[in-house]
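This structure is a prediction, so every number in the text was calculated from the model and none was measured.
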Amino acid sequence: MAQKACIFDLDGVITDTAHYHFLAWRRLAQSLNIPFDEEDNHRLKGVGRMESLAYILDKGARTVSDDELASLAHQKNKDYQDLITGISPTDLLPGILDAFAWLKSHGWLVGLASASRNAPQVLAGLKITEQFDYVADAGAIPNGKPAPDIFLDVAKAFGLSASQCVGVEDAVAGITAIKSAGMYAAGIGDAAVLTEADIVLPTPEGLPEQVFSIF
Ligand code: G6P
Ligand code: MG
């Protein structure tokens, strides 16, 4: 049987850090008097730090100097890092450890395709670093999600074709990235939002039965 791989997003799939990104972005937007709601949050899921900041400034029709841009990005990241201090295995979403166990016992490779430069720290806090055969370096990927690059980077590291990989994502931009890469896309969240996904589950519970074992 051909080798298979599961490539996970991190924030909102493995742990609920998507909510912490939201809180930090909303705080920054509020400090600039720019409205920021759940819909903005959906759009920014999976989107890199500088691109997200550009979206918020654009929404507020604000232009800032390069120095201010760097300082705003730094502030958001500082607030986010404060929120993830103390992240621990109790913050794993339900079903994630079972998913890792199933993948290991069935000989699949396991990769991470997170746009977050904080990913290594989050994995360490969750004590799951060793579950991954390869973790993409977000800083080394030229085009962020919805471009397929980060998923293709993981497939390349494994020496696999896209058709041998399942991607798991909670973000619209992430599902687009997986589909553009030519992979099978499992969405975590709301099927009415993740319309491009091949299958959508409300949580990672059920990944082994409903996704991996039929792939
Ligand atoms: C992930 C999250 C985004 C976040 C991005 C960059 O894709 O879903 O909300 O903006 O990573 O994260 P970073 O930790 O590098 O600012
Ligand atoms: Mg995500």
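Using a 4.5 Å heavy-atom cutoff, the side chains of W25 and I56 are in contact. Contact check for D133 versus W108: no side-chain heavy atoms found under the 4.5 Å cut-off.
The aromatic rings of H19 and F22 sit tilted relative to each other, their planes meeting at an angle between 30° and 60°. Taking the six-membered ring for Trp and thresholds of 30 and 60 degrees, F212 and F8 have ring planes more than 60 degrees apart, a perpendicular arrangement.
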Please report the C-alpha distance between S163 and S161 in whole Å, then the side-chain angles of each, then the deciding distance to 0.1 Å, and finally whether the side chain to side chain donor-acceptor pair (under 3.5 Å) criterion is met.
CA-CA 5 Å; S163 63; S161 70; 3.0 Å; yes
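Heavy atoms from other residues, nucleotides or ligands lying under 6.0 Å from OH of Y20 number 12 at most. Counted within 6.0 Å of NZ on K127, heavy atoms from surrounding residues, nucleotides or ligands total 12 or fewer; the atom is thus considered open.
Defined by atom type and a distance below 3.5 Å, a donor-acceptor pair is present between the side-chain atoms of S88 and T90. In the model, Y55 has a side-chain atom that pairs as donor or acceptor with a side-chain atom of D40 under 3.5 Å. At a cut-off of 3.5 Å, with distance as the only test, no side-chain donor of N118 or D11 sits close to an acceptor on the other residue. A donor atom on one side chain and an acceptor atom on the other are found under 3.5 Å apart for K76 and H21.
Interatomic distance, CZ of F215 versus CG of L207, reported as 13.0 Å (0.5 Å rounding).
With respect to the salt-bridge test (charged N to carboxylate O, under 4.0 angstrom), the residues K45 and E169 do not qualify. Ion pairing between R26 and D37 fails under the 4.0 Å rule for side-chain N and carboxylate O. Between R117 and D137 there is no salt bridge, since none of the side-chain N atoms of the basic residue sits less than 4.0 Å from a carboxylate O of the acidic one.
Each of V168, I14, L93 was checked for a side chain to side chain contact (heavy atoms under 4.5 Å, CB included) with I188, and the lone residue meeting it is V168.
Grouped by direct or indirect side-chain proximity (heavy atoms under 4.5 Å, Ile/Leu/Val/Met/Phe/Trp/Tyr only), V193 sits with V172, I175, L194, V200.
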